[in-house]
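Following: one structure in structure tokens, then a few remarks.
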Amino acid sequence: MKGRTIDTASTTLLAGSTIAILNSKDSTLVKFTRSAENGTFELNGIKNGKFILLVSYPKYADFVDHFTLDSTIQNKDYGKINLTGMAKILADVIIKGNRNAIKIKGDTTEFDPKAFNIEPNSKVEDLIKQFPGIQVDKDGKITAQGKAVQKVLVDGEEFFGDDPTLVTKNLRADMVESVQLYDKASDQASFTGIDDGEKTKTLNVKLKEDKKNGYFGKVQGGYGTDDFYNGQFMFNKFWGKKKFSAYGILGNNGTVGLGWDDRDKYGGSGGMTMSDDGGMYFSSSGSDDFDSYDGQYNGQGIPVARTGGLHFDSKWNKDKESLNTNYKIGSIRVKGDRNTISQNNLSSGVINNVSNQYTDNDMFRQKLDATYEVKLDSTLTLKVNVDGTLKQSNTFNDFNTSSTDGNNDLLNTTKRSLKNKVDEQMFNMNALFTKKFKKKGRTLSLNLNQAITKSNSDGYLNSANSFFETTGRRDSLINQYKVNDITNSAFKSNLAYTEPLSKTMTVIVNYGLSLMNGKSDRKSFNQSASGNYDILDTEFSNDYELDQIINAGGAIFNYKKGKTVINFGSKFSGVNFKQTDLYNNKTYDRNFVNYMPQASYQYRFSQQKSFRLSYSGNTNQPSLDQIQPIRVNTDPLNISLGNPDLRPSFRSNINASYNSYKVLTNQSVWLSGSYTFTANPIVSDVTTDASTGRSSYRAVNINDKMSTNFYAYAQTSRKINVIDMNAGIGLNANGNSSYNYITTINNGVATTALNNTKNYSYGLDINVNKYVDKKFNFYSRFGPTYNISRASVGNFGNSDGWGWTGYASGNVQLPAKFEITTDAQYEFRGKTQTFNETFSRLLWNASLTKKFFKSDNLKLMMTVNDILNQNVGFDRTAYNGNITQSSYTTIMRYFMFSIIWDFNKMGGGIKTSK
């Protein structure tokens, strides 16, 4: 193929024009060149087929032509290719065409906002809802390519740390230059360029340069029926390379703002994670219900939230130094009721349980974190992260339970209440030194981490229990005051050295030393005749100390050539574990080795297509509670026992993914899946007394069985030009298969059976969306599901059944600046052998908005939440032979009137939509 590029108007030869040949089928690049000084070009060695010629030159309209090469046509001479200046074309007509909406760069998928619709004053959340392969639910939770997004960055930097919605619900969509989706590696892996297995699904919102000066924000207030209310404000000021933000949230309508989720209690909030070395910690909850409240609101109960925060980040000294800091303060209180019915399958029959629970939990938290990074010279960098958290929580839980056998005869009843107050302090400091040497690819990095946590709690346990045995009724009463003091301290280090072995092969060698210790002092006091709680109950009191020395090392090789990247290697850690029982003057010593192999293969077909396959394995040691559990009596019907003879299990995980995007047809394909299997798994050995319904739990190994988990996701979408609408179809499947021993004691005779519990879920969804600028938009996702929940023991029925899920949202622009917005979520669960009832609910919300001013930045809004009043909490699960169904209190219908003011002065002036 040959030709010559020339300016139509001036007959000037256009040297350096881009000449590209694409496959007609999928738009992938076949050949590429640039025109010579005289405008000529020539491409050889093209196989037969159908192709697209794309010729481009700055400030000129593209030349596009479809052609075929076969046995009859072997050469193609275009002669003069006349290119027309954009100024000439735009003077006569507006040209519309497809933008390259998606680029796939290795592990990163980049979305171009200009290829999507952006309404005036819309937020980042409204933008990413249009991206193929990404879903946003009504609470703002983001799922990308089938996996939950855990972090949202702004220009690669943390923005209020652990709450992605503070970015997506508040930053303006018209400020965004691009949005990147990728699996974020640890800081050490990002520096060395060699995968260490640490991944976090992340969205990075890159801002336009002209949107980095000025201020913007939002103020919202609303009040509704049944005393529901909501108030929010967000203020952002950007100037140069500095960003300042402040926010506040006050309400009881389910908008809590913060996720209140410490993703890694012993890690930093700045993303500097360290690999797992097999160390153990004392749990503050101690396998009981006393400190089980983590401060999260997941739609269960009625919340009252008061939260706020400040953020500041800056770069200076020619970008050699940077600071990112956040302060968050707030409280959340949740009250609610839960009713649970369950069927416990035994080898000789079933035990049916009914439980009613009332909770009143609140938490107050303050957290301050800061990350400072300095480039000491062109080769040496230091990054330091410090964070501290203070928590105070008050919890109250009241339970009423009863159990019956298969003949509906009463076995036991329990009425218990737990009241507890907890104070926690957490401190974490992390430092990362990185050094590059003269030889390309040779690096040295050192990661140091110190973490300290303290938890002090005290509370009361009252439990009245009745057992209806063959010999008659037996009652027991527990009335205790409990005091727990838990301390954990961990110092971790990791030294990594990379060395290029050749142009294509690099190795990274790691060594780490960790020193960990902890103290757990738990006391239970019975009430004396004087009414004081001053009688120590030694059976349910203990004082432990824990010391560990961990040496870890390994090597990982990285091969990179052309479009292929291969990564393989392994890590090892040797743990010296010593636990001392101070009450009984006993010491438990344990030495073990953890093995962590890994391998991955990645092939990048083109900028729009890639494939990745990976394997990782790790040794799982038994936990402290499994080896030597702390005896608790908060639930007398379920008792935990220890097993010091436990052996480690080995977990293997295989992941695969394939991504493809076709520019011309705007078609995207996302495929991903994983399969996990655990050899020699640690499982529960449950012994149940059929006459009383009382169970004890002990961890054991199974040699000839494996527990498994799987996950699969497939989604494709494209634009249907005939109806000018985007449509897609998705398939998803996930599940697990686990084992446990069930021993039934009936009339003094024990019968043991191996139970296999299966939880599988399959789903199909079809989604369609359409955006018409300044008129309307809608999005819909719906499809069937099939759930499998069953236990093999006894074969007394399963909880398999069909279901249906759907979600739709839409917006219509009306005259006089009125706007109607609505969304609806539908869920249906059919009858099963265990639960002979169907469940369905349609959660429909709507609002009517009136906009004011030229920029539409003042709004009056009337909202109706749950119009049909069907928001009844519901879920079904299966575990260890128990098939369970729960219903719970949640927010239902209310009307609310709100005022919303969006203000924006960015880039030197107030921006309005045109």
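One finds the CD1 atom of Ile351 at 4.5 Å from the CG atom of Leu346 (value rounded to the nearest 0.5 Å). In this structure, the separation between CD on Gln626 and CG on Leu646 is 6.0 Å, given to the nearest 0.5 Å.
The only option from Val386, Asp387, Asn326, Thr325 that meets the side chain to side chain contact (heavy atoms under 4.5 Å, CB included) definition with Leu368 turns out to be Thr325. Considering Asp337, Asn339, Thr401 in turn, Asn339 is the only one that fulfils the side chain to side chain donor-acceptor pair (under 3.5 Å) rule with Asn356. A side chain to side chain donor-acceptor pair (under 3.5 Å) with Lys482 is found for exactly one of Asp537, Asn633, Asp458, Thr634, namely Asn633.
Judged by distance alone, with hydrogens and angles left aside, the side-chain atoms of Ser541 form a donor-acceptor pair with the main-chain N or O of Ser524 at under 3.5 Å. For Asn252 (side chain) and Asp227 (main-chain N/O), a donor-acceptor pair under 3.5 Å exists by modelled atom type. No donor-acceptor distance shorter than 3.5 angstrom exists from the side chain of Asn584 to the backbone of Lys586, with no hydrogens or angles considered. A donor-acceptor distance shorter than 3.5 angstrom exists from the side chain of Ser493 to the backbone of Leu513, with no hydrogens or angles considered.
Side chain to side chain, Ser649 and Asn680 fail the donor-acceptor criterion of an N or O pair below 3.5 Å. Side-chain atoms of Ser331 and Arg306 form no donor-acceptor pair, as typed in the model, at a separation below 3.5 Å. Side chain to side chain, Asn618 and Asn620 meet the donor-acceptor criterion of an N or O pair below 3.5 Å. Between the side chains of Gln450 and Ser489, at least one donor-acceptor pair of N or O atoms lies under 3.5 Å. Looking only at atom types and distance, the side chain of Arg474 has no donor-acceptor partner in the side chain of Ser466 under 3.5 Å away.
Counting non-hydrogen atoms of other residues, nucleotides and ligands closer than 6.0 Å to CE of Met429 gives a total of 12 or fewer. Summarising the local packing, CD1 of Ile549 is surrounded by 12 or fewer heavy atoms from other residues, nucleotides or ligands at distances under 6.0 Å. For Lys578, the NZ atom sits in a loose shell: 12 or fewer heavy atoms of surrounding residues, nucleotides or ligands are nearer than 6.0 Å. In Asp409, the CG atom is crowded: over 12 heavy atoms of neighbouring residues, nucleotides or ligands sit closer than 6.0 Å. The number of heavy atoms from other shown groups lying within 6.0 Å of CG (Asn585) does not exceed 12.
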Verdict with supporting geometry, Gln425 and Asn456, side chain to side chain contact (heavy atoms under 4.5 Å, CB included): CA-CA 9 Å; Gln425 302 90 41; Asn456 308 104; 4.1 Å; yes
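Ser457 and Asn420 make their closest contact through CB-ND2, 3.9 Å (heavy atoms, listed as atom of the first residue, atom of the second, distance). Thr688 and Ser695 get closest at one heavy-atom pair: OG1-OG, 2.8 Å.
Two rings, from Tyr588 and Phe577, have their centers 6.0 Å or more apart.
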